[in-house]
Amino acid sequence: QVQLVESGGGLVQAGGSLTLSCVTSGRTFSSYAMGWFRQAPGKEREFVAAITRTSSRTYYADSVKGRFTISRDNAKNTVYLRMNNLQPEETAVYYCAASTRFIPDTQVMAYNYWGQGTQVTVSS
């Protein structure tokens, strides 16, 4: 079992920045590819970014490319999501997730473990 706890959400003005963190415990963190997803009210959960076990590759949704950066520190069992130039439509609960797949996936079903989420609210 893996437990994931997100933090770093909050209220930010449009154009602002936030950094989310997700600390894991349980099985070896470096055994998992990690991803970030978000879910706005009334919408489906959507892929944001993912990173391989060794940070060799990262993947992003087209809507966040160039503004968001995913990274991880295996020594600290933590994955991060740096978000710049946030927009009101990106208001959502942001979730981190762990996958046993070697190559990260953009699909929710590819992830085995999920955190409880952290709220990000972007005001206009």
Side-chain angles (χ1 to χ4, degrees):
Q1 286 288 339
V2 176
Q3 293 78 43
L4 300 89
V5 179
E6 302 96 335
S7 62
L11 176 63
V12 64
Q13 290 187 333
S17 299
L18 282 175
T19 298
L20 305 183
S21 300
C22 174
V23 179
T24 68
S25 61
R27 294 183 62 183
T28 306
F29 177 69
S30 59
S31 299
Y32 296 94
M34 299 298 295
W36 286 96
F37 289 74
R38 63 189 179 190
Q39 188 167 17
K43 294 188 176 181
E44 293 187 352
R45 194 168 297 189
E46 65 172 0
F47 171 77
V48 175
I51 188 167
T52 56
R53 299 173 184 180
T54 60
S55 303
S56 59
R57 293 197 64 177
T58 56
Y59 305 82
Y60 297 95
D62 288 343
S63 60
V64 307
K65 282 181 181 177
R67 298 187 298 118
F68 289 16
T69 302
I70 187 172
S71 61
R72 66 189 294 166
D73 185 340
N74 286 351
K76 296 182 178 180
N77 293 348
T78 303
V79 60
Y80 305 95
L81 184 67
R82 173 66 176 178
M83 305 183 294
N84 294 328
N85 192 20
L86 282 160
Q87 299 303 311
E89 57 268 28
E90 296 181 300
T91 293
V93 178
Y94 283 69
Y95 297 90
C96 72
S99 173
T100 56
R101 296 190 180 188
F102 185 76
I103 302 296
D105 200 283
T106 62
Q107 302 301 310
V108 170
M109 66 179 65
Y111 290 79
N112 307 87
Y113 304 100
W114 293 83
Q116 82 290 347
T118 186
Q119 177 70 46
V120 172
T121 301
V122 185
S123 63
S124 56

Engineer: Going hydrophobic residue to hydrophobic residue with side-chain gaps under 4.5 angstrom, can you get from Tyr111 over to Val2?
Structural biologist: no
Engineer: Does a side-chain heavy-atom distance below 4.5 Å link Ser17 with Leu86?
Structural biologist: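 No; the side chains remain at least 4.5 Å from each other.
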Engineer: Rounded to the nearest 0.5 Å, what separates atom SG in Cys22 from atom CG in Leu81?
Structural biologist: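 It comes to 10.5 Å.
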Engineer: Holding to side chain to side chain contact (heavy atoms under 4.5 Å, CB included), I want the full list of residues that pass it with Lys43, two or more places apart in sequence or in another chain.
Structural biologist: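 Here the qualifying residues are Ala40.
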Engineer: In a check of side-chain contact (heavy atoms from CB on, under 4.5 Å) between Ser21 and each of Thr118, Thr78, Val79, which one passes?
Structural biologist: Thr78
Engineer: Mind listing the closest non-hydrogen atom pair of Val12 and Leu18 along with its distance?
Structural biologist: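 Closest pair (atom of Val12, atom of Leu18, distance): CG1-CD1, 4.1 Å.
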Engineer: Tell me, do Phe68 and Asn85 make a side-chain contact under 4.5 Å, heavy atoms counted?
Structural biologist: no
Engineer: Under 3.5 Å, is there a donor-acceptor pair between the side chain of Gln116 and the main chain of Val5?
Structural biologist: no
Engineer: Supply the atom-to-atom distance Thr69 OG1 to Tyr80 OH, rounded to the nearest 0.5 angstrom.
Structural biologist: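 If I round to the nearest 0.5 Å, the distance is 14.0 Å.
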Engineer: Can you tell me how far CG of Leu4 sits from OH of Tyr113, rounded to the nearest 0.5 angstrom?
Structural biologist: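 CG of Leu4 is found 9.5 Å from OH of Tyr113.
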Engineer: Output the distance between atom CG (Asn77) and atom CD (Gln3), rounded to the nearest 0.5 Å.
Structural biologist: 11.5 Å
Engineer: Could you pull out the closest heavy-atom pair between Ala110 and Ser99, with the gap in Å?
Structural biologist: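 The answer is O-OG, 2.9 Å.
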Engineer: Any side-chain donor-acceptor pair under 3.5 Å between Ser30 and Arg53?
Structural biologist: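 Checked: Ser30/Arg53 side chains show no N/O donor-acceptor pair below 3.5 Å.
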Engineer: Considering the options Tyr32, Tyr94, Phe37, which one meets the ring pair (Phe, Tyr, Trp, His ring centres under 6.0 Å) requirement together with Trp114?
Structural biologist: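 Exactly one option meets the ring pair (Phe, Tyr, Trp, His ring centres under 6.0 Å) with Trp114, and it is Phe37.
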Engineer: Rounded at 0.5 Å granularity, tell me how far CZ in Phe47 sits from CH2 in Trp36.
Structural biologist: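 Separation between the atoms: 12.5 Å.
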Engineer: Out of curiosity, Leu11 CG to Gln119 CD, how far, rounded to the nearest 0.5 Å?
Structural biologist: 9.5 Å
Engineer: When Met83 is tested against each of Ile70, Val122, Val120 for side-chain contact (heavy atoms from CB on, under 4.5 Å), which residue passes?
Structural biologist: Val120
Engineer: Do the side chains of Leu20 and Val64 join up, straight or via other hydrophobic residues, at under 4.5 Å, putting them in one cluster?
Structural biologist: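 Yes, Leu20 and Val64 fall within the same hydrophobic cluster.
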Engineer: Below 4.5 Å, heavy atoms only, C-beta onward: do Thr54 and Arg72 meet side chain to side chain?
Structural biologist: no
Engineer: If you apply the rule side-chain contact (heavy atoms from CB on, under 4.5 Å), what do you find for Tyr59 with Thr52, and how did you get there?
Structural biologist: CA-CA 9 Å; Tyr59 305 82; Thr52 56; 4.1 Å; yes
Engineer: Taking all heavy atoms of Tyr95 and all of Gly115, pick out the closest pair and write down the distance.
Structural biologist: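 Looks like CD2-O, 3.5 Å.
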Engineer: Once salt bridge (charged side-chain N to carboxylate O under 4.0 Å, His left out) is applied, do any residues pair with Glu90, and if so which ones, sequence neighbours excluded?
Structural biologist: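 Arg38, Arg67.
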